[in-house]
Amino acid sequence: MNPNKIEKGEEMIEKKMHINGKWVESLSGETRGILNPFDASEIATVSEGNREDTKLAIKAARDAFNGEWGKVARNERKALLVKLAQLIKRDKEELSRLESLNTGKTLEESRWDMDDIHNIFNYYANLLDKEHSEVVDSPVDNSSSVLEREPVGVCGQISPWNYPLLQASWKMAPALAAGCSIVMKPSEITPLTTIKVTELAEEAGYPKGVVNLVLGPGHSVGAELAENHDVDLISFTGGSFTGRKIMTAASGNIKKVALELGGKNPHIIFEDANFDVAVDYALNGVFFHAGQICSAGARLMVHASLYDSFIEALKVRMEKIKVGNGFDEKTEMGPVISKEHLEKVESYVEIAKKEGAKLVLGGERPREEGLKKGYFFMPTLFVDCTNDMRIVQEEVFGPIITVEKFETEEEVIQRANDTVYGLSAGFWTEDPERIKRVSRALRFGTVWVNDFNTYFTEAPWGGYKQSGIGRELGQLGLEEYQEVKHIFQNNKPEPFNWFGK
Ligand code: NAD
């Protein structure tokens with residue numbers, strides 16, 4: 001078996017879109033080649049949709065929602081989610097292999113993703129057991145007041161390439177739990193696992209039109225989802241630049257908007273940090289999936305008393321990071337996603353050097369012959385960085401750490417908060433009072449204390465400031481897909497006698 005090629009059986013997961021219960025080619029007949037970032041080889045061909053295909057998918061979702069699906073009982077929605085979770089577990093290996101083929105990440109990382117995805121569908125299935133009408137204490141005599149949660153309706157869902165199926169499942173599972181119908185659009189360069197999971201949704205028994213999948217670029221398929229007046233909610237994960245376009249496009253029919261955007265996440269090492277563990281997490285915070293994580297702790301801020309020793313410890317371990325094929329068990333870090341992205345990451349090395357940051361390690365593609373065809377970049381360490389540098393403020397989304405020095409707690413909090421982003425931050429200290437102070441002072445959606453990059457299904461995820469709007473995961477993740485209806489009943493109506501008496 002060649003791990004870098006799609007196997008025969010997997011060719012079945014064909015490369016088509018799923019609209020109104022049918023696997024269809026795009027109306028234009030256009031296709032796109034899907035590449036393996038390990039060696040730039042083509043691993044699949046998929047249909048390339050456009051606005052017209054997307055309109056059909058939206059209509060199918062609308063018909064399903066206005067039909068039986070919009071009224072489907074909670075226990076039925078729960079049973080379908082449980083079934084889908086079981087199928088994801090059954091096909092975990094195939095899904096993991098596909099994710100690694102399409103993204104280059106290590107197979108082990110893809111397996112963790114699939115475990116998370118399985119949990120997410122189960123979690124939202126179980127959350128439905130807790131759903132109930134809520135009684136409001138009405139101040140009006142002889143009345144009752146009740147809140148009901150109802151599905152928002154037709155949801156457009158747009159996912160990015162870094163965690164293709166994980167990000168898609170953060171949207172699919174709560175939307176389907178709430179009773180919405182969906183039109184999912186994965187990133188055009190990483191659609192394979194989302195295609196597979198749509199097949200599994202069909203196998204689980206979702207009625208036609210409830211789970212639709214459109215494939216194609218953002219400027220047509222994605223833009224149609226954001227603009228179309230028959231879409232009630234658009235949920236988007238991706239870059240802040242695209243997020244702004246989505247918000248503007250969504251204003252046409254005031255559709256609900258949920259945005260999970262970029263981040264530049266400070267990771268602070270105080271003088272009383274547990275040094276060895278903090279070094280380990282500083283590496284974990286950045287180099288998983290070659291730094292292509294929205295919450296990557298790419299911006300290290302180290303107390304002056306530890307600055308030199310921390311950098312030395314990082315360097316020693318970074319020199320040993322094994323870069324290579326995600327299917328090789330020894331590999332610790334795979335390639336970045338594409339040629340364009342590799343060039344973007346590379347360009348930041350020049351930007352950082354010009355700004356005066358000092359390159360300690362990496363900053364180049366690997367010299368190893370076997371990696372030359374792929375989109376690899378070596379783990380890179382810049383020190384003597386400052387707040388005003390682009391390499392510190394902008395999201396590079398690659399295997400690059402920048403290190404800044406600080407002297408005081410006040411100074412580091414002020415500098416850490418001095419960013420347009422607000423996705424996540426972390427810090428290391430043994431001082432309980434400092435833990436309270438700093439975790440409150442940091443303006444980010446998630447703050448890790450003596451940890452970094454831990455997230456789980458039960459807790460909400462999302463950003464302050466330009467890192468987004470709304471939350472995914474947890475109870476709040478379900479509420480994004482629900483409307484709240486207030487039903488007020490007058491139990492003893494009597495005339496008010498104001499008009500035309
Ligand atoms: P991107 O914004 O380029 O694309 C994301 C998706 O949007 C893709 O499916 C793309 O086709 C689509 N798109 C592009 N232009 C569009 C348009 N005009 N209208 C509608 N859709 C459009 O992002 P990316 O490069 O795929 O992903 C990387 C980004 O995602 C990073 O900034 C990262 O921080 C962010 N991200 C955030 C989170 C989070 O939880 N906050 C998680 C993962 C990734």
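Order of appearance sets the numbers: ligands from 1, and atoms from 1 within every ligand. FYI, side chains are in, hydrogens and waters are out, and symmetry mates aren't considered; it's all heavy atoms of this structure. Position 1 is the first residue of the sequence, and the numbers go up from there.
- Nearest to atom 34 (O) of ligand 1 by heavy atom, out of Glu395, Lys245, Met184, is Glu395.
- Residue Ser240 has no nitrogen or oxygen atom sitting less than 3.5 Å from a nitrogen or oxygen atom of ligand 1, judged on distance alone.
- The aromatic rings of Phe38 and Phe376 sit perpendicular to each other, their planes meeting at more than 60°, with 30° as the lower class boundary.
- With a 4.0 Å heavy-atom cut-off, ligand 1 is reached by no atom of Tyr163.
- Checked by atom type and distance alone, the side chain of Ser338 pairs as donor or acceptor with a backbone atom of His341 at under 3.5 Å.
- Taking 4.0 Å as the cut-off between side-chain N and carboxylate O, Arg149 and Glu131 do not count as a salt-bridged pair.
- Ligand 1 has an N or O atom lying under 3.5 Å from an N or O atom of Lys185, backbone or side chain.
- Taken from OG in Ser169 to CD1 in Ile120, the straight-line distance is 3.5 Å, to the nearest 0.5 Å.
- At a 3.5 angstrom cut-off on N or O pairs, Gly239 counts as close to ligand 1.
- Contacts of Phe241 with ligand 1, taken as heavy-atom pairs under 4.0 Å, are absent altogether.
- Of all the atoms in ligand 1, the ones that sit under 4.0 Å from a non-hydrogen atom of Ser159 are 6 (C), 8 (C), 9 (O).
- Short contacts between ligand 1 and Thr242, defined as distances under 4.0 Å to a heavy atom of the residue, involve ligand atoms 1 (P), 2 (O), 3 (O), 13 (N), 14 (C), 15 (N), 16 (C), 17 (C), 22 (C).
- Among Pro164, Gly463, Cys294, the residue whose heavy atom lies closest to atom 42 (C) of ligand 1 is Cys294.
- Residue contacts with ligand 1 for Ile246 involve side-chain atoms from C-beta outward but no N, CA, C or O (heavy atoms, distance under 4.0 Å).
- We find that Arg97 and Glu94 are not joined by a salt bridge, their nearest charged nitrogen and carboxylate oxygen being 4.0 Å or further apart.
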Could you walk me through whether Ile391 and Val396 pass the side-chain contact (heavy atoms from CB on, under 4.5 Å) test, one step at a time?
CA-CA 7 Å; Ile391 188 86; Val396 179; 4.0 Å; yes
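- Remark: ligand 1 and Thr237 share no N or O pair separated by less than 3.5 Å (distance only, no angle test).
- Looking at ligand 1, you won't find any N or O of Asn162 less than 3.5 Å from one of its N or O atoms.
- Looking at ligand 1, you won't find any N or O of Gln167 less than 3.5 Å from one of its N or O atoms.
- Heavy atoms of other residues, nucleotides or ligands lying less than 6.0 angstrom from NZ of Lys372 number more than 12.
- Side chains of Ser295 and Asn265: a donor-acceptor N/O pair is absent below 3.5 angstrom, by distance only.
- For the pair Asp113 (side chain) and Leu165 (backbone), a donor-acceptor distance under 3.5 Å is absent.
- The N/O atoms of Trp461, backbone and side chain alike, include one that comes under 3.5 Å of an N/O atom in ligand 1.
- Both tests pass for Lys105 against the ring of Tyr163: distance under 6.0 Å to the centre and angle within 45° of the axis.
- The NZ atom of Lys185 sits 9.0 Å away from atom CZ of Phe236, with the distance rounded to the nearest 0.5 Å.
- Each of the atoms 32 (O), 34 (O) of ligand 1 lies under 4.0 Å from some heavy atom of Gly262.
- Near Leu423, the atoms of ligand 1 lying under 4.0 angstrom from a non-hydrogen atom of the residue are 41 (N).
- Looking at Ala223, Ala226, Gly218 and measuring to atom 22 (C) of ligand 1, the nearest heavy atom belongs to Gly218.
- The backbone of Leu261, and not its side chain, has at least one atom closer than 4.0 Å to an atom of ligand 1 (non-hydrogen atoms only; backbone = N, CA, C, O).
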